[in-house]
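Read the numbers this way: they start at 1 and go in the same order the structure lists the ligands and their atoms. This is a predicted model, so every value here is computed, not measured. Computed from heavy atoms alone, side chains included, the values below leave out hydrogens, waters and symmetry copies. All residue numbers in this chain count up from 1 along the given sequence.
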Amino acid sequence: MHKVIIVGAGFAGLQAAKGLTNSVIDVTIIDKNNYHLFQPLLYQVATAGLSPADIALPIRNIFRSKKNFKVILDELIEINPKINQITTKNNTYLYDFLILATGSQISYFGNDQWKKFSPGLKNIEDAIFIRGRILKAFEKAERIKNSKAIKKIMKFVIIGGGPTGVEMAGAIAELSKKVLVKEFSTIDTKTAQIILLEAGSSVLPTAPKSLSIYAKDSLEKLGVEVKCNTVVQNISESLVKTNTEIIEAGTIIWCAGVKASPLGRYINIKTDEIGRVFVNDDLSIPTHPNIFAIGDTSHVKDKIGKPLPGLAPVAKQEGKFVAEVIKNNINNLQTQNKFYYKNRGYLATIGRSKAIVDFGWFTLKGRIGWIFWSFIHIYFLIGFRNRFMVFTNWVWSYLTFSKGARLITNNKIEKNSL
Ligand SMILES: Cc1cc2nc3c(=O)[nH]c(=O)nc-3n(C[C@H](O)[C@H](O)[C@H](O)COP(=O)(O)OP(=O)(O)OC[C@H]3O[C@@H](n4cnc5c(N)ncnc54)[C@H](O)[C@@H]3O)c2cc1C
């Protein structure tokens with residue numbers, strides 16, 4: 001049997017694997033986590049709206065009935081294309097075809113020292129950590145008597161006005177103004193200050209102008225202070241220095257940048273400025289026709305020559321395409337030799353009842369946009385076998401502000417420093 005190894009079971013890797021389920025191919029999926037994560041809803045975990053298990057599923061469970069599939073929990077560390085072999089932390093594996101779908105990671109634009117003071121959101125650990133920070137801020141404020149200190153502790157700065165920053169700011173505003181308000185007796189959680197900083201001239205800069213303006217207005221109605229044209233120059237303990245001011249805040253969250261996973265570390269190939277691998281039209285790597293790079297880790301151009309954005313639908317379509325290329329190759333069939341992305345839209349929520357949706361040829365906003373978002377984004381994107389159950393659970397947790405999601409699990413009670 002031909003051996004296909006897929007490294008990374010995110011949107012791209014999972015879709016490629018699904019494309020190979022009915023073929024006579026020996027498929028090995030290697031991931032450093034044992035779960036597939038639905039990242040678009042990570043902000044919900046970080047803001048205590050959903051529990052981690054609502055948005056992740058064990059990879060092994062997804063492929064449990066596939067006899068030609070093997071799932072390995074391990075981390076890729078090296079590729080040796082000369083002998084078609086990869087090395088993980090614990091083993092070596094030979095392949096006929098290799099699919100690299102290792103995604104992206106948070107970028108602090110060369111200022112990695114900011115990470116300590118301003119955590120970013122990429123995986124479940126990050127989400128649980130941020131959730132702990134947000135919930136602990138309110139707990140700490142409840143213990144303190146000094147009103148100036150309370151004001152600082154209940155100030156949240158979110159850096160980056162892209163979809164994650166907008167969603168995070170809206171969700172923290174709703175958490176403080178609608179959910180926690182009845183649960184605290186000393187502080188008024190409604191007075192929490194939520195500030196969204198964006199370096200560009202508008203939030204959601206890649207959305208049409210009317211939707212960006214709508215998103216900004218909706219955030220402001222929720223009580224978020226949106227500051228555009230604000231460039232962060234430095235971050236230290238509870239301090240953000242921008243081109244216009246210095247902000248003191250108890251919680252600072254980084255939603256500003258990503259870079260590709262370090263494929264260059266595993267194999268010597270050309271990458272763009274954020275580490276994405278340049279690929280051929282069929283998504284294979286130059287000079288290695290049996291190695292493919294897909295999803296956030298690859299640099300693929302659209303029809304007008306712009307790199308495709310790091311979005312789940314892009315990753316999924318690339319995964320599906322590569323599975324076809326490999327199957328056709330094995331069966332000596334003609335294959336479509338160029339990947340084309342079909343735009344599946346740009347969506348972002350603002351709080352629990354508004355969203356913007358942009359398909360290029362039509363746009364939606366407000367409640368109707370949110371209903372559309374919840375179906376498309378949650379129901380169709382996930383593609384789990386048990387998606388009806390997952391969807392029902394999500395909607396229930398979402399509508400009822402699931403209390404279980406508000407547990408502080410990384411609790412280390414610090415002495416009040418103020
Ligand atoms: C907070 C957040 C919100 C987002 N919101 C949206 C949204 O609303 N809509 C949208 O379309 N997109 C959204 N995205 C982007 C979307 O999630 C990504 O574009 C998509 O996940 C890319 O899929 P991927 O398969 O390339 O990578 P991932 O989904 O990141 O998967 C990569 C996989 O590779 C594994 N891996 C990495 N390195 C190794 C290694 N060395 N060895 C083994 N395994 C490894 C990881 O564990 C992971 O499972 C969001 C992303 C984030 C972080």
Between [X] and ligand 1, is there a nitrogen or oxygen pair with a distance under 3.5 Å?
X	result
Tyr35	no
Lys32	yes
Ala12	yes
Leu121	no
Ala315	no
Ile294	no
Thr297	no
Glu167	no
Leu42	no
Gly8	no

Considering the heavy atoms of [X], write down every atom of ligand 1 situated less than 4.0 Å from one of them.
X	value
Leu76	40 (C), 41 (N), 42 (N), 43 (C)
Phe11	17 (O), 20 (C), 21 (O), 23 (O), 25 (O), 29 (O)
Leu311	10 (C), 11 (O), 12 (N), 19 (O)
Pro313	11 (O)
Gly295	26 (O)
Val7	42 (N), 43 (C)
Asn33	47 (O)
Thr164	1 (C), 2 (C), 3 (C)

Sub-4.0 Å heavy-atom contact, [X] with ligand 1:
X	result
Ala101	yes
Phe38	no
Asp74	yes
Pro163	no

How many angstroms lie between CZ in Phe156 and CE in Met168, if you round to the nearest 0.5 Å?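 Rounded to the nearest 0.5 Å, the CZ-CE separation comes out at 11.5 Å.
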Roughly how far, to the nearest 0.5 Å, is NE2 of His36 from CD1 of Ile55?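 The CD1 atom of Ile55 sits 10.0 Å away from the NE2 atom of His36.
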Can I get a per-line list of side-chain donor-acceptor pairs under 3.5 Å for residues 198-209, giving both atom names and the distance, sequence neighbours left out?
{"residue": "Glu198", "atom": "OE1", "partner": "Gly161", "partner atom": "N", "Å": "2.8"}
{"residue": "Glu198", "atom": "OE2", "partner": "Gly200", "partner atom": "N", "Å": "2.7"}
{"residue": "Thr206", "atom": "OG1", "partner": "Tyr346", "partner atom": "OH", "Å": "3.3"}

Heavy-atom closest contact (Leu263 atom, Ala293 atom, distance):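 Where Leu263 meets Ala293 most closely, the heavy atoms are CD1-CB, 4.3 Å.
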Please report the closest heavy-atom contact between Asp296 and Lys122, naming both atoms and the distance.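 Here Asp296 and Lys122 meet closest at OD2-NZ, 4.4 Å.
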Looking only at side-chain N and O atoms, does [Y] offer a donor or acceptor that is under 3.5 Å from a partner on [X]?
X	Y	answer
Asn91	Asp74	no
Gln15	Lys320	no
Ser261	Thr297	yes
Tyr266	Thr102	no

Which pairs pass ring pair (Phe, Tyr, Trp, His ring centres under 6.0 Å) with one or both residues in residues 85-108, sequence neighbours excluded?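 Pairs touching residues 85-108 that pass the test: Tyr108-Trp254.
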For Tyr266, which part has a heavy atom under 4.0 Å from ligand 1: side chain, backbone, both, or neither?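 Looking at Tyr266 and ligand 1, just side chain atoms fall under 4.0 Å.
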Have a look at ligand 1 and work out which part of Thr102, if any, has a heavy atom under 4.0 Å from it: side chain, backbone, both or neither.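 Under 4.0 Å from ligand 1, Thr102 contributes backbone and side-chain atoms.
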Is any side-chain N of the basic residue among Glu324 and Lys327 closer than 4.0 Å to the acidic one's carboxylate O?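 Judged by the 4.0 Å cut-off on N to carboxylate O distance, Glu324 and Lys327 do form a salt bridge.
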Check this for me, if you would: do Arg276 and Asp272 make a salt bridge, where the nitrogen-to-carboxylate-oxygen distance has to be below 4.0 angstrom?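 A salt bridge is present here (some side-chain N lies under 4.0 Å from a carboxylate O).
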I want to check a possible cation-pi pair here: Lys342 against Tyr340, using under 6.0 Å from ring centre and within 45° of the ring axis as the test.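 So Lys342 doesn't make the cation-pi contact.
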In terms of heavy-atom contacts, does CG of Asn268 have more than 12 from other residues, nucleotides or ligands at under 6.0 Å?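 Check fails, neighbour count at 12 or below.
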Candidate with minimal heavy-atom separation from atom 51 (C) of ligand 1, of His36, Gln39, Met168, Lys89: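 It is Gln39 that holds the nearest heavy atom.
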Mind checking whether Phe372 and Phe359 have ring centres under 6.0 Å apart?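 Yes: the rings meet the under 6.0 Å criterion.
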